[in-house]
S.K.: 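There's a structure below that I have some questions on.
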Number of protein chains: 2
Amino acid sequence: MGTASTAATGQRRPGRPRSERAERAIIEATLALLAESGAAGLCIEKVAARAGVGKATIYRRWPGKEDLLLDAVACLKAPLPEPRGLSVRDDLLALLEAMCEQFADPCHMREFALLLGEGAAYPRLMTRYTETVIEPRREVIRAVLRRGAVTGELREDIDVDAALFMMIGSVLARSRYGDAPVEPGYARRVVDEMLSGIGAR
Amino acid sequence: MGTASTAATGQRRPGRPRSERAERAIIEATLALLAESGAAGLCIEKVAARAGVGKATIYRRWPGKEDLLLDAVACLKAPLPEPRGLSVRDDLLALLEAMCEQFADPCHMREFALLLGEGAAYPRLMTRYTETVIEPRREVIRAVLRRGAVTGELREDIDVDAALFMMIGSVLARSRYGDAPVEPGYARRVVDEMLSGIGAR
DNA sequence: TCGATACGATACGTTACCGTATCGGATCTC
DNA sequence: GAGATCCGATACGGTAACGTATCGTATCGA
């Protein structure tokens, strides 16, 4: 992490060691505030207050806001269910339903949307988020699509990336603020529409 | 608009009338700064500076930032090409290519992404943006899809909304910061994948 | 011409957050 | 126990934007 050099050398520094508990509280508070107010709205003083920590304890570890956010975002997990269904259709359905569920949580939605919007201002942060959260999820879906092309459940010459973004995007475009929440059954409709195609037989 | 009551009564108020030119400059500067920094990053002093206007000239018309933004966003247009192609496929292709092009412009992308991310903090602003920009565009695409279902170019029982969001979302999910720019031919790949479906024949 | 209002400019006090410094107490190693 | 470092707390000066007030000038109706 962005912290001092003890880990690098392996040696112990003299004096009181840094509190692991404080560090966890800081990261946790950072992620919570990130989801609430976005990267631009996040401020160190609020992080310190929520973490129950002095400002100095933060500045001792990270030089500034962006470095703190960078480490915080790296701690995010991407809890998409590992697909182990029987059919490709069932796997896609489970993945898409999990996405719908996550985006229905206003907290996750905000986290994603805020980072998306602020990507231009914080490019390193956006890159880290992509590596940590977004790309692993995409890869899970890509794997299912490729598997389908091999087993014959999907067209052999399927355009994996186009299909990937159609799936992900259908949830993303639907889950905007101001729209009605995604209704149950939406994932199934998308998957079936993708499988059968919209063209006439 | 949010301005004073002369329009409502139709009567002229005594004294020097408000400058139409200043009002236009303010709205224009607001939209420019909105695209650059988002709603949260926008500040009245910068709007005044860019518009070449005193702060009082802004506060005389709008009580605060959100009301100004509300009027500014209402002035946005949604320049999707009116489809008048020969086939449904050509129309969808043209619409999707126009979307790709617009999202390739960093300015439009930021405008959209920033508003999306800040939707939670400015719900009225988000609603206005949806009414003015987003929903009209969706309706154009819906109309083409419905037409296809009638003419037989598309399946008769097509799920219009699912298909709509798959189309829009494929561009949206692909056009993130940190990703490579959308390559030419992407729109065609999406449209053809949607028409044929990814399921095996 | 005169009163009323708007204009751009600028000064003002307020608030929020920045990053730094310092405090007394706590917790490590030697 | 001595020295070093960290702890949470808080004070500090600096900066940015807030929204209000006040300039002298400009432009309208009566």
Side-chain angles (χ1 to χ4, degrees), chain A residues 1-30 33-34 36-70 118 121-122, chain B residues 1-30 33-34 36-70 118 121-122:
Chain A
M1 296 295 159
T3 181
S5 51
T6 65
T9 67
Q11 302 180 2
R12 245 243 195 272
R13 288 200 303 184
R16 176 176 176 177
R18 292 192 177 165
S19 160
E20 189 63 37
R21 194 180 159 286
E23 187 140 341
R24 272 200 312 269
I26 292 169
I27 293 286
E28 202 169 315
T30 302
L33 287 172
L34 174 65
E36 286 176 17
S37 354
L42 181 141
C43 72
I44 300 282
E45 305 210 325
K46 280 186 196 150
V47 173
R50 174 171 307 210
V53 145
K55 284 205 298 176
T57 305
I58 299 180
Y59 281 110
R60 200 173 287 121
R61 290 165 164 80
W62 295 276
K65 182 162 77 175
E66 184 162 2
D67 304 82
L68 169 58
L69 275 168
L70 227 49
E118 291 160 340
Y122 301 90
Chain B
M1 295 295 162
T3 181
S5 52
T6 65
T9 67
Q11 302 180 1
R12 243 235 197 276
R13 288 198 303 183
R16 176 176 176 177
R18 293 191 177 167
S19 159
E20 189 62 39
R21 194 180 159 287
E23 187 139 340
R24 272 200 310 270
I26 292 169
I27 293 285
E28 203 170 315
T30 302
L33 287 171
L34 175 64
E36 286 176 16
S37 355
L42 182 140
C43 71
I44 301 281
E45 308 209 323
K46 281 186 197 150
V47 171
R50 174 171 307 210
V53 145
K55 285 203 298 176
T57 304
I58 299 182
Y59 280 110
R60 199 172 288 121
R61 289 166 164 80
W62 294 277
K65 182 161 75 175
E66 183 161 3
D67 305 82
L68 168 58
L69 275 168
L70 226 49
E118 291 160 341
Y122 302 90

S.K.: Tell me what B:G52 touches on the nucleic acid: a base, only sugar-phosphate, or nothing, going by heavy atoms under 4.0 Å.
M.R.: sugar-phosphate

S.K.: Between D:dT5, C:dC18, C:dC7, spot the one nearest the side chain of B:R16, thanks.
M.R.: C:dC7

S.K.: Roughly, in whole Å, what's the span from CD in A:E23 to P in D:dC6?
M.R.: 12 Å

S.K.: Say you draw a straight line from CZ of B:R61 to CG of B:D67; how long is it, rounded to the nearest 0.5 Å?
M.R.: 14.5 Å

S.K.: Round to the nearest Å and state the distance from A:R50 atom CZ to C:dC17 atom P.
M.R.: 13 Å

S.K.: Find which nucleotide of DNA chain D each of B:I44 and B:P17 is nearest to by heavy atoms, and output the residue with the more 5' nucleotide.
M.R.: B:I44

S.K.: Could you tell me whether the side chain of B:E118 and the main chain of B:A40 form a donor-acceptor pair under 3.5 Å?
M.R.: yes

S.K.: Among the nucleotides D:dG8, C:dC7, C:dG19, which one has an atom lying closest to any side-chain atom of B:T57?
M.R.: C:dC7

S.K.: Compare all side-chain heavy atoms of B:I44 with those of B:Y59 and state whether any distance is below 4.5 angstrom.
M.R.: yes

S.K.: Give a yes/no answer on whether the side chain of B:R13 brings an N or O atom under 4.0 Å of OP1 or OP2 in C:dA6.
M.R.: yes

S.K.: B:W62 CH2 to D:dG19 C1': how many Å, rounded?
M.R.: 16 Å

S.K.: Taking all non-hydrogen atoms of both residues, which atom of B:L34 and which atom of B:A39 are closest, and how far apart?
M.R.: CD1-N, 3.5 Å

S.K.: Please determine whether salt bridge (Lys or Arg N to Asp or Glu O under 4.0 Å) holds for the pair A:K46 and A:E36, giving the CA-CA distance in whole Å, both sets of side-chain angles, and the decisive distance to 0.1 Å.
M.R.: CA-CA 12 Å; A:K46 280 186 196 150; A:E36 286 176 17; over 6 Å; no

S.K.: Using modelled atom types and a 3.5 Å cut-off, is there a donor and acceptor pairing between side-chain atoms of B:K65 and backbone atoms of B:L42?
M.R.: yes

S.K.: Which nucleotide wins on minimum distance to the side chain of A:A22, given the candidates C:dT22, D:dG19, D:dC7?
M.R.: D:dC7

S.K.: Return the nearest nucleotide to the side chain of B:C43; candidates are C:dC18, D:dA17, D:dC6.
M.R.: D:dA17

S.K.: Counting side-chain heavy atoms from C-beta on, which of D:dC7, C:dA6, C:dG8 comes nearest to B:V53?
M.R.: C:dG8

S.K.: For B:A48 and A:G64, take the nucleotide of DNA chain C holding the closest heavy atom to each; which residue's nucleotide lies nearer the 5' end?
M.R.: B:A48

S.K.: Side chain of A:R60, heavy atoms from C-beta onward: which of D:dC6, C:dT5, D:dA4 has the nearest atom to it?
M.R.: D:dC6

S.K.: Check the distance between C:dT22's P and A:Y59's OH and give it to me in whole angstrom.
M.R.: 17 Å

S.K.: What is the separation between atom CD1 on A:I58 and atom P on D:dC6, rounded to the nearest whole Å?
M.R.: 15 Å

S.K.: Can you tell me the distance, in whole Å, between the CD atom of B:E20 and the P atom of D:dT27?
M.R.: 16 Å

S.K.: Starting at CD of B:E66 and ending at C1' of D:dG19, how long is that distance when rounded to a whole Å?
M.R.: 17 Å

S.K.: So, does A:R21 get its side chain near the phosphate of D:dC7, meaning an N or O under 4.0 Å from OP1 or OP2?
M.R.: no

S.K.: At 4.0 Å (heavy atoms only), tell me whether A:K46 reaches a base, stays on the sugar-phosphate, or touches nothing.
M.R.: sugar-phosphate

S.K.: Ignoring backbone atoms, test whether B:S19 places a side-chain nitrogen or oxygen under 4.0 Å from the OP1 or OP2 oxygen of C:dA6.
M.R.: no

S.K.: Among the nucleotides C:dT20, D:dA17, D:dC7, which one has an atom lying closest to any side-chain atom of A:K55?
M.R.: C:dT20

S.K.: Write down the distance between CD (A:E45) and C1' (D:dA9), rounded to a whole number of angstrom.
M.R.: 13 Å

